[in-house]
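What follows is a short report on a single structure.
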There are 2 protein chains.
Amino acid sequence: MNKRQLQKQKTRQHLLRIAKSEFVKNGFLNTTTSEIADAAGIAHGTLFLHFKNKDALIVEILDRELEEINRSIQQMIAKAVDLEQLLLQYLNLLQEEEELFAVMARELPFYNEELRRKILFRDSIIRSHFHREIELGIKEKRYREVDVTSTVIFLFGTINYYLSLKSIFIKEGSVIKKFKTSIIKTMKSLLLPA
Amino acid sequence: MNKRQLQKQKTRQHLLRIAKSEFVKNGFLNTTTSEIADAAGIAHGTLFLHFKNKDALIVEILDRELEEINRSIQQMIAKAVDLEQLLLQYLNLLQEEEELFAVMARELPFYNEELRRKILFRDSIIRSHFHREIELGIKEKRYREVDVTSTVIFLFGTINYYLSLKSIFIKEGSVIKKFKTSIIKTMKSLLLPA
DNA sequence: CTTTTTGATGAGTATTCAGTCACCGAGTTT
DNA sequence: AAACTCGGTGACTGAATACTCATCAAAAAG
């Protein structure tokens with residue numbers, strides 16, 4: 001790879017990094033291509049040399065992020081021994097990239113089909129693990145006989161609600177951190193016999 | 001009131017009605033002032049004769065809607081004898097104006113301070129009634145000793161999650177109708193002793 | 001050393017919208 | 001009936017913003 005190609009690669013990576021931080025800061029919908037170019041210190045037109053359009057940029061960023069999240073989730077599942085640990089580790093994962101998850105939760109209904117599908121697919125994977133874990137618990141009589149699907153949606157609905165209204169729930173810091181224990185507590189009280 | 005003033009009143013009411021149906025159809029953010037004017041059969045400029053700007057229009061529409069909803073809620077509370085009935089009636093209320101609630105759930109994070117405050121204030125009123133009802137149930141030993149605040153947020157978070165992703169959860173018809181029974185069932189299993 | 005290639009530039013284009021304003025004509029007043 | 005008022009009109013403006021393209025200069029190729 002010669003000097004030119006090397007520089008191009010570097011610019012591209014730089015753009016991806018800056019774009020992600022801008023998206024996380026203001027959301028995908030409210031970040032303009034000019035803002036990204038300015039923040040990256042390159043000309044506006046250069047952005048379109050590296051990415052077909054704004055959508056292609058966000059898709060590439062999300063693909064990378066979702067892939068990394070999937071890796072973390074796989075590790076998590078391998079390690080977690082029960083639902084409480086799984087939930088705690090999942091919440092920790094969310095907390096680490098909370099700004100990004102908050103943006104996705106808030107903007108999901110406005111994304112195009114492709115993006116929505118990718119995000120919801122990632123969601124469905126982790127959801128299915130919770131589903132399985134709860135079913136197992138019921139079979140082993142550790143949990144009460146709840147409606148598993150509804151229970152899982154209650155959990156994810158609540159987490160997404162917290163995330164999408166993050167800035168309203170708290171001034172700064174992590175919503176997940178703030179509500180982690182009460183989420184776990186309520187899930188336990190839903191599942192464990194009295 | 002003379003002929004002119006009468007006509008003005010009529011145009012204004014007509015605009016409010018058409019604007020609401022457009023907002024419900026495509027959301028507030030994705031409805032243009034031209035679309036509303038076209039649908040109402042008036043000139044684009046006329047809209048700004050009746051309302052200072054697009055925001056003033058949505059604020060007036062929401063004020064009317066929220067006021068009516070408040071009236072319904074007051075009636076509901078007067079009649080409801082227990083949590084299950086209260087919840088069922090609340091879900092019925094949501095179902096009646098589901099498109100509007102779905103738009104609000106989806107777009108809330110993007111509204112300005114004033115609109116957000118109004119919507120969240122209405123939410124907090126109904127939430128406080130659930131809170132009180134659950135506390136009472138715990139005191140009277142009908143319910144288990146759950147964390148009341150978390151339980152209420154679980155309920156509202158889940159409902160909002162369903163609403164904001166309405167179009168993803170179902171093709172057409174009512175999400176609330178579809179999930180009503182499982183929401184109630186899960187709430188009961190959360191609150192009632194095993 | 002000359003020619004060709006190509007990454008980068010940024011002024012310019014196209015589009016979408018909210019909001020304005022000079023003007024019209026029906027209705028009201030004098 | 002003349003003068004005035006005011007609701008309505010729609011072409012126009014200005015702002016925002018995604019995307020293009022003629023041009024440049026440095027690097028690569030011949």
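Every chain is numbered from 1 and lettered A, B, ... according to where its sequence line falls, protein lines coming before strand lines.
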With distance as the sole test, does A:Gln7 use its side chain to make a donor-acceptor pair with the main-chain N or O of A:Arg4 at under 3.5 Å?
-> no
Figure out the CG/P separation between A:Leu29 and D:dT17, and round it to whole Å.
-> 12 Å
B:Leu115 and B:Asp55, any side-chain heavy atoms less than 4.5 Å apart | no
The side chain to side chain donor-acceptor pair (under 3.5 Å) partner of B:Ser174 among B:Glu98, B:Glu99, B:Lys166 is B:Glu98
Calculate the interatomic distance between B:Leu6 atom CG and C:dG27 atom P; express it in whole Å.
-> 13 Å
Hey, mind stepping through A:Tyr143 and A:Leu83 against side chain to side chain contact (heavy atoms under 4.5 Å, CB included) and telling me if it holds?
-> CA-CA 10 Å; A:Tyr143 300 147; A:Leu83 185 71; 3.0 Å; yes
Examine C:dG19: is either OP1 or OP2 under 4.0 Å from a nitrogen or oxygen in the side chain of B:Thr33? Give yes or no.
-> no
Go through residues 37-60 of chain B and report each residue with a non-hydrogen atom lying under 4.0 Å from DNA chain C, sorted by number.
-> B:His44, B:Gly45, B:Phe48, B:Asn53, B:Lys54
Before accepting this row, confirm whether a basic side-chain N of the pair B:Glu67/B:Lys118 lies closer than 4.0 Å to the acidic partner's carboxylate O.
-> no
Under 3.5 Å, side chain of A:Thr186 to main-chain N/O of A:Ser182, donor-acceptor pair present?
-> yes
B:Glu114 bridged to B:Arg117 by N-O distance under 4.0 Å | no
Rounded distance (Å) that lies between atom P of C:dA26 and atom CD of B:Gln7 = 14 Å
At what angle, to 10 degrees, do the two end axes of the helix from C:dC1-D:dG30 to C:dT30-D:dA1 meet, given five pairs define each axis?
-> 20°
Ring centers of B:Phe110, A:Phe110 separated by less than 6.0 Å = yes
Using whole Å, report how far NZ of A:Lys8 lies from P of C:dA8.
-> 7 Å
Aromatic ring proximity, centroids under 6.0 angstrom, A:Phe156 and A:Tyr90 = yes
Rounded to whole Å, the CG-P distance (B:Asn30 to C:dT16) equals 14 Å
Just by protein heavy atoms under 4.0 Å, how would nucleotides 24-30 of chain D read 5' to 3' in B, S and -?
-> --BBS--
May I ask you to say whether B:Arg106 pairs ionically with A:Glu107, meaning some side-chain N is under 4.0 Å from a carboxylate O?
-> no
Does the distance from a Lys or Arg side-chain N to an Asp or Glu carboxylate O, for B:Glu97 and B:Lys20, drop under 4.0 Å?
-> yes
